Amino acid sequence: MEFKGKYAKEVREYCDGCLSGKIKANHYRKKAIERFYRDLEDDRYEWKPKDADFVITIIERCICHQQGENQQGVPLRDTPFILMPFHKFIIYNLLGLYQKGTNIWKYHEALIFIPRKNVKTTFSGALAWALGILMRKSGSKVYVVAAALKQTLETFGFIKYNIVHMGEDDQHGGLFHIIDNNNEHSLKAEFSDGMFELNALAANPDAQDSFNCNIAIADEIHAFKKPKQYNLFKEAMKAYSNKLMIGISTAGDDPNGFLAQRVKYCKRVLDQEIDDEQYFIFICEADMTENDEGGKFLDYMNPDVQAMANPGIGESIRSEDLMNDAVQAQNDPQQRKDFFAKSLNVFTNQIDTYFDMAMVQTSDMKYDWTIDDLVKLPIKWYGGADLSKLHDLTGVCIYGRYKNIDICISHAFIPITTAYQKADEDNIPVFWWEEEGWLTTCNSNVIEYEDVVQWFIKVKKLGFNIRWVGYDRRYSREFILKMKKAGIKIRDQKQLYVEKTEAFREIEKKIRMQEFYYCHNKAYEYCIGNVKVAEDSDDFVRFQKVMPNQRIDLFDCSVIACKQLLIASEKSQSASQWLD
């Protein structure tokens with residue numbers, strides 16, 4: 001279709017610049033642009049730039065800066081709020097693409113994931129105001145929300161400042177009635193052809209589900225503790241055909257939190273692994289750099305890496321400031337994680353996890369054996385079972401070695417009632433794991449050990465040569481009886497840290513040597529990413545989960561299974577020496 005519009009040339013130049021390398025852009029920003037170009041050629045959609053042009057124009061003509069300076073140090077207060085090319089690209093996507101033959105936008109949800117100082121909060125405020133005016137004929141109702149009211153009031157204060165600056169508040173004879181006190185932060189306006197209402201709120205997960213709106217902008221969603229804080233507003237839009245739920249944020253400290261899971265989901269959409277045509281995604285983050293050994297690392301001192309994560313570089317953020325912060329991060333490790341999270345948009349953890357996840361993932365990605373491939377290899381397998389409380393996550397695996405490469409095939413179990421709780425309260429993506437075949441939900445309130453035993457039986461029937469299975473003695477009486485009945489050898493593995501240290505160190509060594517393969521199981525990856533370690537003076541390790549609401553069960557069962565392999569190797573070596 002013909003790509004036209006008042007700002008089409010500028011948007012096209014921005015897109016082409018990112019794809020050509022003229023503008024430094026990360027991998028997923030380029031994928032968003034490629035998706036936009038595909039949509040322009042897709043017969044399901046048509047291009048109508050009228051609404052997008054209206055929103056951009058009304059922002060640039062009516063909104064001004066409240067504070068700040070430009071690159072030359074000139075104050076910006078009361079100067080026009082000129083959108084950057086990436087802002088216009090976002091608006092053109094959200095408001096320019098329509099379902100063919102209708103007046104319904106293609107997109108109804110968006111994730112805008114950008115680092116700090118890239119004109120995020122003020123953009124969301126300007127966009128909320130402009131969208132409210134655009135949709136006034138539908139009786140527009142807009143919510144601006146954040147985890148903390150203080151953050152929401154940053155956005156609301158910017159909108160209020162501009163309405164007063166324009167003289168459009170009712171105190172100066174304008175249309176907008178503004179309420180800004182301890183109980184309410186809102187503005188309302190009655191037009192000759194419609195109505196516009198905006199409310200600023202804290203996203204309270206315990207609030208009653210009584211909201212009704214067509215536009216909601218959730219700021220700094222990395223601070224959301226529960227999906228319900230987001231979903232309350234998404235569900236409030238069902239009465240409208242044209243609606244927008246926009247999440248906008250910088251990366252935070254929780255690599256398994258609500259935002260982190262959203263970003264992972266959105267990357268799968270951009271990778272075309274799953275279809276979600278109504279979800280617009282704009283991700284700006286630093287890409288990992290590959291070293292000579294095939295491993296990946298974050299080259300945070302590289303100005304190109306800094307630029308690819310920051311779409312406002314050279315305009316709202318100075319490249320020299322980024323480099324100065326990078327130097328501080330290099331020289332002062334305590335500054336490093338904050339720099340990664342806030343300036344490069346890379347998720348970090350508030351409390352140190354032990355394993356370098358980039359190294360873990362790189363090791364796994366070096367290999368691509370399928371289950372059918374692995375069963376044909378001459379490998380002796382050893383099982384591991386981390387038996388949880390009956391109402392919690394249970395992990396099992398088989399563990400083997402092929403030409404110095406350690407291979408772990410793991411599976412998780414959880415009661416269906418607990419699954420809903422963990423997905424809602426702890427952001428554990430159990431239903432995605434189930435969909436991908438990495439987890440089984442037991443149709444009861446407790447773990448069905450029959451399901452666990454059947455997994456080992458199924459694995460044996462596939463042809464895997466399981467010599468024996470190590471198990472955690474706790475909660476295991478029923479498991480032992482069922483395994484013996486199934487004819488599967490079992491071995492009690494003491495859960496003492498002095499016993500488990502050897503296997504832990506073996507897995508750590510294999511990861512460092514890039515000789516560890518966990519079959520791309522994201523549930524296992526989640527668990528190993530939650531491991532926290534305390535080392536004593538004798539170099540023994542005590543490992544546990546970083547946070548109480550996280551889980552490490554699949555990693556724990558792999559340590560148990562690896563211990564069985566090491567025991568068998570020691571016996572084999574002893575027997576060999578005796579024969580000699």
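Both backbone and side-chain heavy atoms feed into the values below; hydrogens, waters and symmetry mates do not. In this chain, numbering begins with 1 at the start of the sequence shown. Computed from a predicted structure; not experimentally measured.
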So do the side chains of [X] and [Y] get within less than 4.5 Å of each other, counting heavy atoms only?
| X | Y | result |
| --- | --- | --- |
| Leu40 | Leu97 | yes |
| Asn310 | Cys284 | no |
| Leu198 | Lys188 | no |
| Glu34 | Leu19 | yes |
| Ile246 | Leu127 | yes |
| Ser186 | Glu197 | no |
| Ser343 | Arg116 | yes |
| Leu244 | Ile217 | no |

Kindly say whether [Y] contributes a backbone atom to a donor-acceptor pair with the side chain of [X] at under 3.5 angstrom?
| X | Y | value |
| --- | --- | --- |
| Arg136 | Ser192 | no |
| Asp53 | Gly5 | no |
| Asp287 | Asn26 | no |
| Ser138 | Ser140 | no |
| Gln229 | Ala203 | yes |
| Asn242 | Trp105 | yes |
| Thr152 | Leu201 | yes |
| Asp180 | His185 | no |
| Asn231 | Lys234 | no |
| Thr362 | Met359 | no |

For the [atom1] atom on [X], are there more than 12 heavy atoms of other groups (residues, nucleotides or ligands in this structure) within a distance under 6.0 Å?
| X | atom1 | value |
| --- | --- | --- |
| Lys264 | NZ | yes |
| Asp193 | CG | yes |
| Tyr420 | OH | no |

Taking the six-membered ring for Trp, are the ring centroids of [X] and [Y] within less than 6.0 Å of each other?
| X | Y | result |
| --- | --- | --- |
| Tyr143 | Phe211 | yes |
| Phe123 | Phe158 | no |
| Tyr14 | Phe86 | no |
| Phe36 | Phe3 | yes |

Distance in Å, [X] [atom1] paired with [Y] [atom2], rounded so as to fall on 0.5 Å steps:
| X | Y | atom1 | atom2 | answer |
| --- | --- | --- | --- | --- |
| Ile248 | Ile90 | CD1 | CD1 | 7.0 Å |
| Ile163 | Leu187 | CD1 | CG | 4.5 Å |
| Trp438 | Trp433 | CH2 | CH2 | 9.5 Å |

Trace of the side chain to side chain contact (heavy atoms under 4.5 Å, CB included) decision for Asn199 with Val144: CA-CA 6 Å; Asn199 292 274; Val144 178; over 6 Å; no
Carboxylate-amine/guanidinium contact Lys120 Asp219, below 4.0 Å: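 So Lys120 pairs with Asp219 through a salt bridge.
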Ion pair Glu235/Lys238, N-O distance below 4.0 Å: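 Looking at Lys238 together with Glu235, the answer is yes, because their closest N to O distance falls below 4.0 Å.
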Contact summary for [X] and [Y], nearest pair of heavy atoms:
| X | Y | answer |
| --- | --- | --- |
| Ile221 | Gly247 | CD1-CA, 4.1 Å |
| Lys141 | Cys213 | O-CB, 3.2 Å |
| Ser319 | Ile313 | CB-CD1, 3.9 Å |
| Glu190 | Leu175 | O-CD2, 3.7 Å |
| Met84 | Ser316 | CE-OG, 3.8 Å |
| Ala130 | Phe54 | O-CE2, 4.4 Å |

Residues which pass side chain to side chain donor-acceptor pair (under 3.5 Å) with His222, listed by chain and number, not counting sequence neighbours: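 Here the qualifying residues are Glu220, Ser249.
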Using distance alone, with no hydrogens and no angle criterion, decide if [X] and [Y] have a side-chain donor and acceptor under 3.5 Å apart.
| X | Y | answer |
| --- | --- | --- |
| Arg262 | Tyr279 | yes |
| Tyr526 | Asn521 | no |
| Lys48 | Asn103 | yes |
| Tyr45 | Glu277 | yes |
| Asp304 | Gln306 | no |
| Asn162 | His165 | no |
| Gln71 | Glu315 | no |

CA sep, side-chain torsions, deciding dist, call: Phe81, Val119, side chain to side chain contact (heavy atoms under 4.5 Å, CB included): CA-CA 10 Å; Phe81 187 83; Val119 191; 3.6 Å; yes
Test ring pair (Phe, Tyr, Trp, His ring centres under 6.0 Å) applied to Phe258 and Tyr230, Phe347, Tyr265, the passing residue: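 Output: one option passes, namely Tyr230.
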Salt bridge (Lys or Arg N to Asp or Glu O under 4.0 Å) contacts in which one or both residues fall within residues 76-102, not counting sequence neighbours: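 Residue pairs with at least one partner in residues 76-102: Glu10-Lys88, Glu60-Lys88.
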Full working for ring pair (Phe, Tyr, Trp, His ring centres under 6.0 Å) between Phe340 and Tyr300: CA-CA 8 Å; Phe340 289 175; Tyr300 63 94; 5.1 Å; yes
CA sep, side-chain torsions, deciding dist, call: Phe196, Trp129, side chain to side chain contact (heavy atoms under 4.5 Å, CB included): CA-CA 9 Å; Phe196 170 29; Trp129 177 79; 3.9 Å; yes
Parallel, tilted or perpendicular, as decided by the 30° and 60° cut-offs, for the rings of Tyr92 and Tyr7: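 The rings of Tyr7 and Tyr92 stand perpendicular, inter-plane angle above 60°.
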Can you give me every donor-acceptor pair (side chain of residues 267-274, partner residue at least two apart or in another chain, under 3.5 Å) with its distance?
unit_1	atom_1	unit_2	atom_2	d
Lys267	NZ	Glu285	OE1	3.3
Lys267	NZ	Glu285	OE2	2.8
Arg268	NE	Glu273	OE1	3.4
Arg268	NH2	Glu436	OE2	3.0
Asp271	OD1	Tyr28	OH	3.3
Asp271	OD1	Lys31	NZ	2.6
Asp271	OD2	Tyr28	OH	2.8

Given Asp42, Asp39, Asp276, the one that forms salt bridge (charged side-chain N to carboxylate O under 4.0 Å, His left out) with Lys106: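 For Lys106, the salt bridge (charged side-chain N to carboxylate O under 4.0 Å, His left out) check succeeds only for Asp39.
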Full working for side chain to side chain contact (heavy atoms under 4.5 Å, CB included) between Gln361 and Glu525: CA-CA 8 Å; Gln361 292 164 343; Glu525 192 174 288; 3.0 Å; yes
